[in-house]
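One structure is given here, and the rest of the page talks about it.
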Amino acid sequence: MTDRIPDPALLADRFPGDFLFGVATAAFQIEGAAKADGRKPSIWDAFSNMPGRVFGRHNGDVACDHYHRLEQDLDLIASLGVQAYRFSIAWPRVYPDGTGPINEKGLDFYDRLVDGLQARGIKAFATLYHWDLPLMLAGDGGWTARSTAYAFQRYARTTIARLGDRLDAVATFNEPWCSVWLSHLYGIHAPGERNMEAALHALHTTNLAHGLAVSAIREERPKLPVGIVINPMHVYAGSDTPADQAAAERAFDFHNGVFFGPIFKGAYPDTVLSALGERMPPIEDGDLALISQPLDWWGVNYYTPMRVADDPTEGAEFPATKPAPFVNQETTDIGWEIFPQALGDLIRTVNARYTLPDCYITENGACYNMGVEDGAVDDQPRLDYIADHLSVTADLIAEGYPMRGYFAWSLMDNFEWAEGYRMRFGIVHVDYDTQARTIKKSGLWYQSLARSFPKGNHGGSVGAEDRSS
Ligand code: GCO
């Protein structure tokens, strides 16, 4: 089969001139230097060092050694021609104990990072929490303890006071669905709990922490666009039966509504409250007002749809669903169904149900594990995946949805959480033995697309306004 190479120039024509093309990473997944310059363990250091939790007991001790290769990697990002870089800040570098003394060397690293981006003319999109909770906070219960929300607010305030003048946007959380449900109910991510009460406490503490951080960020840097990155599930019913249709609605409320509701409507879904409310922590006066403060933008991380059927088991716990079969049997190497149209269906659905601000696709990408052959990586399937999802994004823009940017996940292969280093999402290959970076075929194609921007007709996208505050 001849490889189809979507013409980047034709695709570029479908995007406005100030649309941002970027790449994304996260601290724990690329930095390494787990014990350098005052950093103390996070819950992911502990989790990945336990037998049976992460493939091959891989951990973040070295990762992509980004902490020691910062300038080289910033040059790599610049060479891709992207306008923006999405990264996360490691709380355990800033407050190694979660609270208590500030670690100046930790903040110094992020000073160098944002200064390096500014020097290269690349916009800085920071995420405050990408899952690396300081392990010391686990002693109070981690995200199940309300006190952690206030510790997060202090971390957010300190970090934004120091770096906010050189950021173009900040997100409080990355994918609360993962740090709440995947981590406290399904047990797949740190801290590996399988307990609905713990998960419901982590849910409200996370939402509250988001609201407290928004307040602190706005106090420290009133003009800095603040948002949150969510991985909403586009839920398809496994059949047209009323039972499966109702199951899909329950799944939407459980997987999406528990974040979109408090953040954009100031209320949890009634279905969740009636089914699980008694097991939730107290929702104190003022919590929902804090959580639902208006945001400047939100980020959507999309990879694959969720397909559910009704679980008729007597006494099945809410949302009482079970997986329904894939419609497209083509999957990526991590086993996720490839279904680009679900990105469009998702954006249309959440915009129909909530009043949402500007939107960035803060993560989209594909896992393919092919390696380097003769100095190159032919990852045509990843190129096709990205091109197809960008085409859907262009459709959404044409329909009037405020899609402002796209960040390829990921800049480089990295620590893929419970899968360790065996699963590769990068548009740049990393040889973990030598730390050599090799731009893949998809990365070279993405570079030719990104280099067409900006086209000079800047609009109201994040970062366009004055950052002098
Ligand atoms: C996520 C995380 C990333 C993952 C990526 C592939 O969205 O789960 O933000 O850290 O590596 O999504 O799973």
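Atoms within a ligand are numbered from 1 in the order they appear, just like the ligands themselves. Remember, predicted model here, so these are calculated numbers, not experimental data.
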Could you walk me through whether Phe259 and His210 satisfy the side-chain contact (heavy atoms from CB on, under 4.5 Å) test, starting with their C-alpha distance in whole Å, then the side-chain angles of each, then the deciding distance to 0.1 Å, before giving a yes or no?
CA-CA 10 Å; Phe259 303 111; His210 162 74; over 6 Å; no

Do Asn49 and Asp61 get their side chains close enough for a donor-acceptor pair, meaning under 3.5 Å?
no

With no hydrogens and no angle check, do the side chains of Thr393 and Tyr406 hold a donor and an acceptor under 3.5 Å apart?
no

Residue by residue, ordered by chain and number, which ones reach under 4.0 Å of ligand 1 with a heavy atom?
Gln29, His130, Trp131, Asn174, Glu175, Asn301, Tyr303, Trp336, Glu363, Trp409, Glu416, Trp417, Phe425

Any side-chain heavy-atom pair from Pro319 and Asp253 closer than 4.5 angstrom?
no

In terms of ring plane angle, is the pair Trp417 and His130 parallel, tilted or perpendicular, where the classes change at 30° and 60°?
parallel

Pair Asp388-Ser391, side-chain donor/acceptor within less than 3.5 Å
no

